[in-house]
Amino acid sequence: ATTPGSPALGAFKSEEEPMTIDGSSSEEGPTTESDGLGRRRLLHDFLRTSKWWTGRNDASAAWDGQCTFSERSVVEDRTMPASGDPSAPPPVPSSSLSPARQSLRKIQSKFGKRELVGAWNSVLRTPRLARRRVAGRSSPASRRRGGDSGGVPTSERESNGGGVTDVLRRFMDQVSDVGHRADMRRMGEEALLEDFGEFRHYLSEKVAYNRVNRAAGKEMVDWPMCLSPSSLTETRRQELSREKLVSKLLFSIQAFTYSCCCEAAEARDLLRDADQAATRSSILSKFGVGEVAFGGDLLVLPDPDPLADGGSRPFEGRLGKLRYLALALMVTTSPVAREVAQLCASFPVPEPDPFDFERDEWSSTRRAPVAYPVLCGHVLTHTAAAMIAVTGRARAEEGMHDVDSVVDDCRNFVQIGLVARVAQVLLARLKPISDDDSLVWEQQVYLIIEQNLLQTPAFLDPEEREWLNFGVATLFALVSTPSKIESKSTSFWTQPSPDDVEKISSEFLQAIESVKPKAIAFLRDLSVVAQILVPNIFCRSSAAILKCNKEGLREDVKCGINETTILKSYMSLFKMENLCTMLDSDLLQQVVQSWYTEAAGKSSSNLLDFPRTFHATTWPVSTPCIDHHNGPGRPNEMPPTCSPLLGNQSLLSKFIEGGGRSASRIFYLPKSYTDLYAELSEMCPDIEQTALCLVCGQVLNAAGKG
């Protein structure tokens, strides 16, 4: 099959030198680049060597297809004589056995709820200095499973009780329950039962397996007992309970991501309207922002102060204080960092082991995905979760990972997230809904690009042409799945007519151009999250790239800058490599193809039905509030005195992309309303649902009926 780096795409690449970032080049070369401060890995080398792609680069781990990486260990063949017998031959090395026999000799270590809570107890209670002293005396496996407690005696750990972990679990329960109740009241029970949204797989499974009971008016069987007609073993119950904890952890990360973006959006809106320097200074101080750049688009948080809490609390203000939540999420994610990275990055995994008989026992049980495929989910949350996994592992295993390697891993996940977001929007704009139409569309797209028929403007700015090449290469990678091409020779496909070529070419160009604002918004929001997670992630590049004057504006902003320039600036800030060079990687192409196969439901997975929707418009929504491409007749400007009202992403996108089927949908609320609710909550802290009488001003307990 032709790849984006092959001659089939050569005609789309300008002979002029494309956009070069930090010394990167479109020519083939080493797998590292120099940024003036040492060497850093290119994305291809990251995918080739990083243990974050555990299914490819770590043979000691096995993915269960749902939520767990299990450690593999080889045991002696039971058909061999006991090793204590002097006449017994030596054990057969596993490398000399056939693959089938090796598979039979694999044992997976279980990691259930009890082990996860134990790991949380360890990382939350143990002082970082104590962990640092014993970092070299414990194995990575024991740290992951909570077997090592950082040198703190067992009796001391037990005397501390489960207070810290209990607070953490109550917090995650609160975040999940509040979100569920809010969605239930705003969307209605019937609509919510159709799609609970991402990171609520246990609710989806409970409804799916109790559908018969619900229709008959019988009592619903609670989760996870509803998954099996027979009683669950204790081990299985612990594993499923752990899944629920991981799901709530991911939902909390989603809440953190939204909080960062919501606070940053409000700060940008206020700064745009501020004319006087004193007002701008007050806003910057209120949100904990050091300066702004890129025409007010980028919020730059202050550099860490080593005198403030040892550098671990570098920020103040509404944005800066989210660092506390970030630290809690990082530590909580550390025991399941590999699982979170796999769930959110959706790396390809090997086919299930046919000799894993215990897995085969559960293969008939249909499950809902803990996290949606990345192309069907909220890519910003997925990328933020992967970065939290990287930083959380580094904090838990302090001394084993230097800052440069952490920053390098985070930047590579940002690049993977950008490719996913671009692919998601392109599919939302171009892919037909019908499966039959989709198959014809895929064949036409493949043939037009492979046969070099795409009609593009003759004269394009080199940077514009690079963006066009990147979009074309992304589309080609999506539709170039090897299984589809091998199953049917392309010579038998219907060749597109000249009219089809002209129509598809026009749609391509419009879709690729419309993706650019989405890519900028993705990097803009992620820049805030990245600075909160890694306070010094931009400190080495900001001086050379931002070049802010005393008002926080770049000099060239005063003359006006276009979207391409802003996108290039964000790429420079994250030290991203050349866009087209990025997709020359066969490993990245493999990842993109796997994303599309998984999102389109073409993989042989035994999953319950869930919305396989590609979202062009996702939350957080900033000005313009609603994308005018999707919502005709809807307001595309959010008043500056209002905040977005957002919930279940899938239902919101269905409404927007369906042209507004419900006239009762509320998109934003006045900030005065939310301020009033906050004031009433402080007045009546014991009342969960407050109501206010507009006649006499009395505060009442609504009890769900207000």
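Owing to the predicted nature of the structure, the values given are computational and were not obtained by experimental measurement. Each residue takes its place number in the sequence, starting with 1.
In this structure, D177 has no salt bridge (charged side-chain N to carboxylate O under 4.0 Å, His left out) partners at least two apart in sequence or on a different chain. A search for salt bridge (charged side-chain N to carboxylate O under 4.0 Å, His left out) contacts involving R56 returns nothing, not counting sequence neighbours. Residues forming a side chain to side chain contact (heavy atoms under 4.5 Å, CB included) with V178 (at least two apart in sequence, or on another chain): Q174, R181. With sequence neighbours excluded, the residues that form a side chain to side chain contact (heavy atoms under 4.5 Å, CB included) with V207 are L193, F196, R211. In terms of the side chain to side chain contact (heavy atoms under 4.5 Å, CB included) criterion, residue partners of L299 (sequence neighbours excluded) are, by chain and number, A264, A267, R268, L271, V289, V292, L319.
Between W52 and F413, the ring planes lie perpendicular to each other; the angle is over 60°, past the 30° to 60° tilted range. Between F574 and F538, the ring planes are perpendicular. Angles over 60° get that label, and only those under 30° would be called parallel.
The salt bridge (Lys or Arg N to Asp or Glu O under 4.0 Å) contacts involving residues 245-260 comprise D173-K248, where partners must be two or more places apart or lie in separate chains.
Within a 6.0 Å sphere centred on CD of E234, heavy atoms belonging to other residues, nucleotides or ligands number more than 12.
Electrostatic pairing of D64 and R367 does not count as a salt bridge here, judged by no charged N lying under 4.0 Å from a carboxylate O. At a threshold of 4.0 Å, the pair E266-K286 does not count as salt-bridged, since none of the basic side-chain nitrogens sits closer than that to a carboxylate oxygen.
Under 3.5 Å, the side chains of R236 and S228 contain no donor-acceptor pair of N or O atoms.
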